[in-house]
Amino acid sequence: MNRGILSGRSLAMLVLALFATGVIAGEPTVTGAWAKATAPGQDSASVYLHISVRKDARLVAVGSPAAKHVEIHVMKHESGMMMMRQAEDLALPANKEVVLGSGSHLMLVGLKQPLKPGDRIQLALTVEYADKHRETITVTAEVRPLTSSHDMQDMHDMGEHDMGSHGY
């Protein structure tokens, strides 16, 4: 038996593995998800993360058991000034990392309990592609202290990435 040649069964398994990898690679990828701990009496908190997709898409919904609802907040020019506004969705250009950093972010509204350093928050992010196909992924965000050493790096990251425009 020549060990350098794949058997029919091995070849079939390899093809299935490659196909499965392609399916997984098409899903949204989220890294670096985190939120700041809350101060006493605070009922909302920002969540920061990096998200990328292989095909043009939009982030159309976010939910979390930690809050009544989650909003997408983006920076927009209005009357010559940069303003933070709630958005219905967020453009996710193909093969380009979008950073939700110190400016644009996700906002947990109506927190069910205070966020303490070391807590972990579950988020469900729904992405819609141009063909109207939707995928929802679950992400865990780490809660960091109010004065996180990552804040300055996230502000720097925000300046390096274009947030894109809404739509495709």
Side-chain angles (χ1 to χ4, degrees), residues 21 23-78 81-129 134-167:
T21 301
V23 171
I24 291 170
E27 294 178 359
T29 301
V30 175
T31 58
W34 69 280
K36 279 188 185 178
T38 54
Q42 185 177 343
D43 71 344
S44 63
S46 299
V47 176
Y48 311 95
L49 55 84
H50 298 223
I51 185 169
S52 59
V53 292
R54 291 187 54 166
K55 297 185 295 186
D56 286 343
R58 295 176 301 125
L59 178 63
V60 295
V62 182
S64 174
K68 291 181 182 174
H69 66 277
V70 182
E71 298 174 352
I72 301 168
H73 286 187
V74 297
M75 298 294 289
K76 291 186 175 187
H77 281 283
E78 289 183 11
M81 297 179 63
M82 286 297 287
M83 305 291 284
M84 181 64 62
R85 294 287 181 240
Q86 181 179 352
E88 290 185 30
D89 58 25
L90 178 69
L92 302 173
N95 301 311
K96 185 171 185 181
E97 183 177 68
V98 174
V99 176
L100 294 174
S102 60
S104 300
H105 56 269
L106 302 177
M107 181 63 74
L108 300 168
V109 179
L111 289 172
K112 296 181 180 176
Q113 62 186 34
L115 302 183
K116 300 180 297 271
D119 286 351
R120 298 204 172 276
I121 303 166
Q122 295 295 312
L123 299 163
L125 283 70
T126 302
V127 172
E128 182 178 278
Y129 296 91
R134 288 185 175 205
E135 291 185 43
T136 300
I137 62 168
T138 302
V139 175
T140 301
E142 167 194 4
V143 178
R144 297 181 184 165
L146 280 170
T147 54
S148 172
S149 62
H150 295 280
D151 291 348
M152 291 310 292
Q153 179 62 41
D154 288 325
M155 285 201 262
H156 173 72
D157 288 346
M158 187 64 194
E160 292 182 356
H161 299 277
D162 177 21
M163 292 307 301
S165 59
H166 296 286

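Once rounded to the nearest 0.5 Å, the distance linking OH of Y48 with CZ of R144 reads 10.5 Å. Here R85 contributes atom CZ and H77 contributes atom NE2; the two are 13.0 Å apart, rounded to the nearest 0.5 Å. Between the CD atom in E97 and the OG1 atom in T29 there is a gap of 9.5 Å [rounded to 0.5 Å]. Going from atom CG of L100 over to atom CG of L49 covers 5.0 Å, rounded to the nearest 0.5 Å. The line from CE of M107 to OG of S46 is 3.5 Å long, rounded to the nearest 0.5 Å. Here the straight-line distance linking atom OG1 of T136 with atom CG of L123 works out to 12.5 Å at 0.5 Å rounding.
When each of V98, L125, V53, D89 is tested with L59 by the rule side-chain contact (heavy atoms from CB on, under 4.5 Å), just one qualifies, namely L125.
You'll find the side chain of K76 stays beyond 4.5 Å of the side chain of M82, heavy atoms only. Inter-residue side-chain proximity for M84 and H105 is flagged as met; some heavy-atom pair is nearer than 4.5 Å. Two residues are said to be in side-chain contact when any heavy atoms from C-beta on lie closer than 4.5 Å; L92 and V127 meet this criterion.
Side-chain atoms of H73 and Q86 form no donor-acceptor pair, as typed in the model, at a separation below 3.5 Å. Judged by distance alone, the side chains of Q122 and T140 do bring a donor and an acceptor atom under 3.5 Å apart.
Although no hydrogens or angles enter the test, the distance criterion places a donor-acceptor pair under 3.5 Å between the side chain of S104 and the main chain of M75. Here the side chain of D119 pairs no donor or acceptor atom with the backbone of V143 at under 3.5 angstrom.
Around atom NZ of K112, more than 12 heavy atoms belonging to other residues, nucleotides or ligands sit under 6.0 Å away. With a 6.0 Å radius and a threshold of 12 heavy atoms from other residues, nucleotides or ligands, M81 has its CE atom at or below the threshold. Within 6.0 Å of the CD atom in E78, the count of heavy atoms belonging to other residues, nucleotides or ligands exceeds 12.
Nearest heavy atom pair, residue P28 against residue E135, reads CD-OE1, 3.5 Å. Nearest heavy atoms, S64 versus I121: OG-CG2, 3.4 Å. In terms of heavy atoms, L115 sits closest to K36 at CD1-O, 3.9 Å. Between A45 and T38, the shortest heavy-atom distance links the atoms CB-CG2, 3.8 Å.
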- Message: Pair L90, V74 - check side-chain contact (heavy atoms from CB on, under 4.5 Å), show working.
- Response: CA-CA 8 Å; L90 178 69; V74 297; 3.8 Å; yes
- Query: Hey, mind stepping through R134 and V60 against side-chain contact (heavy atoms from CB on, under 4.5 Å) and telling me if it holds?
  - Reply: CA-CA 9 Å; R134 288 185 175 205; V60 295; 3.8 Å; yes
- Message: As a quick check of understanding, evaluate side-chain contact (heavy atoms from CB on, under 4.5 Å) for V70 and V109, giving each step before the final call.
- Response: CA-CA 6 Å; V70 182; V109 179; over 6 Å; no
- Task: I would like to know whether E27 and R54 meet salt bridge (Lys or Arg N to Asp or Glu O under 4.0 Å); could you show each step before the answer?
- Result: CA-CA 8 Å; E27 294 178 359; R54 291 187 54 166; over 6 Å; no
- What's the verdict on side-chain contact (heavy atoms from CB on, under 4.5 Å) for V47 and L108, showing C-alpha distance, side-chain angles and the deciding distance? CA-CA 7 Å; V47 176; L108 300 168; 3.7 Å; yes
